[in-house]
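First the structure, in the form of structure tokens, and then the observations on it.
First the proteins, then the strands, lettered A, B, ... as listed; each starts at 1.
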4 protein chains.
Amino acid sequence: MARSKEEVVQEFRIHTIRDAAMRVIARRGMAAATMQEIADEAGVAKGTIYLYFKDRDDLVEKTFESAMSDLHKRVDEALETEGTFEVKLRAVVAAQIGFFQANREFFRLYISLRYPEGNAQQQRRQKRHCQPQYKSRVERIAAVIEAAMERGEIRKMDPMRLALFIIEGSSAVIIERVLDEAPPPEEADIELIAGTILGGIRS
Amino acid sequence: MARSKEEVVQEFRIHTIRDAAMRVIARRGMAAATMQEIADEAGVAKGTIYLYFKDRDDLVEKTFESAMSDLHKRVDEALETEGTFEVKLRAVVAAQIGFFQANREFFRLYISLRYPEGNAQQQRRQKRHCQPQYKSRVERIAAVIEAAMERGEIRKMDPMRLALFIIEGSSAVIIERVLDEAPPPEEADIELIAGTILGGIRS
Amino acid sequence: MARSKEEVVQEFRIHTIRDAAMRVIARRGMAAATMQEIADEAGVAKGTIYLYFKDRDDLVEKTFESAMSDLHKRVDEALETEGTFEVKLRAVVAAQIGFFQANREFFRLYISLRYPEGNAQQQRRQKRHCQPQYKSRVERIAAVIEAAMERGEIRKMDPMRLALFIIEGSSAVIIERVLDEAPPPEEADIELIAGTILGGIRS
Amino acid sequence: MARSKEEVVQEFRIHTIRDAAMRVIARRGMAAATMQEIADEAGVAKGTIYLYFKDRDDLVEKTFESAMSDLHKRVDEALETEGTFEVKLRAVVAAQIGFFQANREFFRLYISLRYPEGNAQQQRRQKRHCQPQYKSRVERIAAVIEAAMERGEIRKMDPMRLALFIIEGSSAVIIERVLDEAPPPEEADIELIAGTILGGIRS
DNA sequence: CATGAATGAGAATTCATTCAT
DNA sequence: AATGAATGAATTCTCATTCAT
């Protein structure tokens with residue numbers, strides 16, 4: 001397996017650069033992140049990036065996809081937790097907290113790409129690649145919600161909209177956590193979110 | 001009042017340019033919105049913009065502030081609705097729907113600035129100006145929540161985090177509404193949001 | 001005619017830049033001529049060039065076309081000289097000498113574009129624009145040759161190939177003239193070329 | 001002779017790379033021919049080229065020299081044909097046709113280097129190396145012309161300029177041949193060129 | 001010897017900002 | 001006050017060249 005070593009190096013470089021890109025985008029924002037700074041952050045020369053990514057768009061896209069697929073995987077696993085909807089919901093919220101905690105920087109990239117910028121052509125490209133990931137996550141959750149509705153666990157309402165409400169509401173709380181210097185224990189936030197969704201806020 | 005007329009013209013120009021900026025940013029996204037396109041959209045020369053705004057950042061900032069203060073005013077009015085927390089909540093959600101419906105384009109600017117881009121200096125500046133607006137809205141809602149808690153209307157929990165959860169969760173649903181070609185009636189979405197928050201989703 | 005002045009300025013800029021481009025290309029060669037050097041030579045900023053030309057290709061193309069159409073015009077006028085083929089031939093050679101003398105720098109651009117470089121797409125583009133100019137010049141001369149053949153002034157042979165032979169043979173002599181520090185009188189070279197073509201070199 | 005084998009390999013490598021360079025330059029043009037493509041075409045690694053050639057300029061130069069010395073040899077042999085100037089001339093034209101036919105790709109390199117590009121330093125270098133080759137060919141022909149003049153075979157005129165006229169005029173016709181999908185028989189073009197030069201075009 | 005990954009200087013292009021009219 | 005032509009800093013991307021393996 002003489003190939004193996006080269007592939008490992010290749011993998012490693014791609015990883016290094018993607019991570020650097022994530023950090024720089026997180027620091028500067030999508031638009032202000034320059035190839036030079038990403039290269040510096042990754043500890044490679046500008047030209048090296050182009051050996052592994054076609055162009056700037058390609059790098060950003062791949063970086064995003066990679067992070068999203070991580071979030072995706074975590075949420076999917078959480079959704080497969082055995083038990084009631086409540087159990088699943090708590091698992092999902094915990095998964096999101098875990099993800100954003102591990103990828104503190106990511107949430108700005110996440111925001112940047114969910115509402116893509118650039119000309120129409122670029123937007124179409126991003127939509128093609130990035131939106132589906134988000135949408136499919138919403139849909140997965142909507143499906144679990146629907147199943148719970150049919151089992152009579154929760155009230156009937158539009159499952160897609162409810163999924164959105166849950167994802168974004170909890171993301172906001174989680175992002176605040178991430179920005180917080182001294183966040184409360186995870187359980188407190190999970191309880192706040194899951195409790196509110198399940199039982200409402202009425203005393 | 002000879003001054004008056006000049007002032008009116010001044011006001012009008014500022015308005016025209018701000019609206020143009022909002023449309024262009026909405027169309028292209030923050031980074032791809034050029035001064036030239038904004039000038040064209042406003043029907044003035046590029047140089048004219050600089051008579052009314054210090055630079056690009058200033059224009060964006062003022063545009064954002066202006067729109068936010070509109071949203072702000074609406075939410076504030078809603079919060080002053082007489083009645084229970086439920087009444088206030090429904091009024092707030094309705095106000096947000098009304099705002100985003102009237103300013104369909106705004107939400108991208110809103111997104112862009114909530115998670116500002118640019119170099120560190122720009123970021124600090126934006127934080128100083130824009131974050132407070134958002135924060136103050138969250139705080140106002142948190143205050144109303146706290147009052148309701150004290151009146152025993154709702155359960156005790158972290159009011160700031162709850163406010164965030166409500167604002168973002170409902171914003172997401174509302175943004176989806178705005179993007180939706182044929183959205184359901186306003187009341188349905190208000191019911192979904194307010195109902196979930198107040199009573200939870202458990203049957 | 002308020003427009004007139006602006007148009008004059010516009011024309012003037014285009015001229016200035018084209019001339020600068022010609023000088024720089026002549027000096028450095030097609031490939032090594034940078035936008036920066038062209039801008040410097042023209043006494044404008046790099047960005048200014050892009051106000052008048054879409055991109056580098058556009059500038060080179062227009063520069064070439066402009067020079068070619070000058071050469072073209074001169075040769076055409078020469079071909080319309082009244083008289084025998086000999087008279088026309090001498091006029092054409094004189095026109096070419098005049099052109100290259102006035103545009104000493106041009107011949108390298110001329111060479112560069114007759115045998116275009118770059119990728120297939122660029123080549124196609126150049127072929128579309130530049131080759132036709134050259135080809136049409138060859139064809140015009142070929143037509144005059146054919147007419148002379150029919151009048152019995154000259155022997156029958158392939159007119160296109162003969163035209164090529166005449167144009168390139170004389171161009172080479174003329175270019176040598178241009179490079180020559182102390183060239184012989186024009187008449188001597190015209191005589192050499194026209195005499196050789198018409199009467200051959202046999203004593 | 002242990003050296004011999006190594007030398008043979010060395011020679012072979014140099015040959016392979018030079019030929020590849022010629023094909024690539026012919027295909028892409030001087031400026032767009034990259035070391036990578038040349039390496040690929042030669043079936044070696046980029047770095048290998050630098051073992052045999054100092055740098056890109058060196059490679060191009062040696063490639064040119066090698067091809068030119070081939071053309072040179074053929075023309076020299078033709079010039080040594082026994083007989084009148086007419087016989088020699090026909091032989092030279094035939095030699096050129098033969099050469100360009102065998103090296104179809106070469107003419108673009110030929111053009112590129114006759115009118116060299118690049119910065120002043122590169123130009124000086126190329127002039128030093130390449131121009132002499134061309135010049136010496138012109139001079140050799142000029143010498144033969146002069147001899148013929150002295151023997152009274154042809155009229156007195158500037159032999160250098162006449163040589164240029166003959167070389168370029170015939171090259172143009174020959175290049176057209178090469179580009180031609182279905183060229184006329186060689187003899188026809190030889191006749192056209194030699195006939196015109198010797199006897200002129202007057203009937 | 002041969003390789004090809006890594007480098008970084010250098011080129012084209014864009015666009016916020018200025019300033020003469 | 002309004003204009004928009006001119007500017008040049010900043011950015012992306014390419015490719016000749018080097019050097020560790």
Rounded to the Å, how far apart are [X] [atom1] and [N] [atom2]?
X: Lys54(C); N: dT13(E); atom1: NZ; atom2: P; answer: 8 Å
X: Arg56(C); N: dT12(F); atom1: CZ; atom2: P; answer: 22 Å
X: Glu37(C); N: dA12(E); atom1: CD; atom2: P; answer: 11 Å
X: Phe12(A); N: dA5(E); atom1: CZ; atom2: C1'; answer: 15 Å
X: Ile17(D); N: dT3(E); atom1: CD1; atom2: P; answer: 9 Å
X: Met35(B); N: dT18(E); atom1: CE; atom2: P; answer: 10 Å
X: Gln36(B); N: dT13(E); atom1: CD; atom2: P; answer: 19 Å
X: Ile38(A); N: dT12(F); atom1: CD1; atom2: C1'; answer: 11 Å

(message) Once rounded to the nearest 0.5 Å, what's the spacing between atom OG1 of Thr48(C) and atom CZ of Phe53(C)?
(response)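 Taking OG1 in Thr48(C) and CZ in Phe53(C), the distance rounds to 11.5 Å.
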(message) Rounded to the nearest 0.5 Å, what separates atom CG in Leu59(D) from atom CE in Met22(D)?
(response) 12.0 Å
Can you tell me which nucleotide in [options] comes closest to the side chain of [X]?
X: Leu51(B); options: dA2(F), dT7(F), dA16(F); value: dA2(F)
X: Lys46(D); options: dA6(E), dT14(F), dG4(F); value: dA6(E)
X: Ala45(B); options: dT7(F), dA12(E), dG4(F); value: dG4(F)
X: Asp55(B); options: dT18(F), dT17(E), dT7(E); value: dT17(E)
X: Tyr52(D); options: dT17(E), dT17(F), dA2(E); value: dA2(E)

(message) If you compare every side-chain N and O of Arg13(A) against the phosphate oxygens of dA6(E) (OP1, OP2), does one of them come in below 4.0 Å?
(response)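 True: Arg13(A) side-chain N/O within range (under 4.0 Å) of dA6(E) OP1/OP2.
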(message) Looking at Thr34(A), I'd like to know whether one of its side-chain N or O atoms comes within less than 4.0 Å of OP1 or OP2 on dT11(F).
(response) no
(request) Check whether any side-chain heavy atom of Asp58(C) lies under 4.5 Å from a side-chain heavy atom of Asp55(C), and answer yes or no. (result) yes
(message) Which is more 5' along DNA chain F, the nucleotide nearest Tyr50(A) or the one nearest Gly43(C)? Just name the residue.
(response) Gly43(C)
(message) For dT21(E), give the paired nucleotide (Watson-Crick: N1-N3 plus N6-O4 or O6-N4; G-U: N1-O2 and O6-N3; both under 3.5 Å), or none.
(response)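 Matched dT21(E) with dA2(F) under the 3.5 Å cut-off.
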(request) For Gly47(D) and for Ala33(C), find the nucleotide of DNA chain E with the closest heavy atom, then tell me which residue's nucleotide is more 5'. (result) Gly47(D)
(request) Quick one: do Tyr52(B) and Lys62(B) satisfy side chain to side chain contact (heavy atoms under 4.5 Å, CB included)? Show the steps, please. (result) CA-CA 11 Å; Tyr52(B) 298 97; Lys62(B) 297 248 176 71; over 6 Å; no
(request) Please report the closest heavy-atom contact between Thr16(B) and Ala42(B), naming both atoms and the distance. (result)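 Heavy atoms only, the tightest pair is CG2-O, 3.7 Å.
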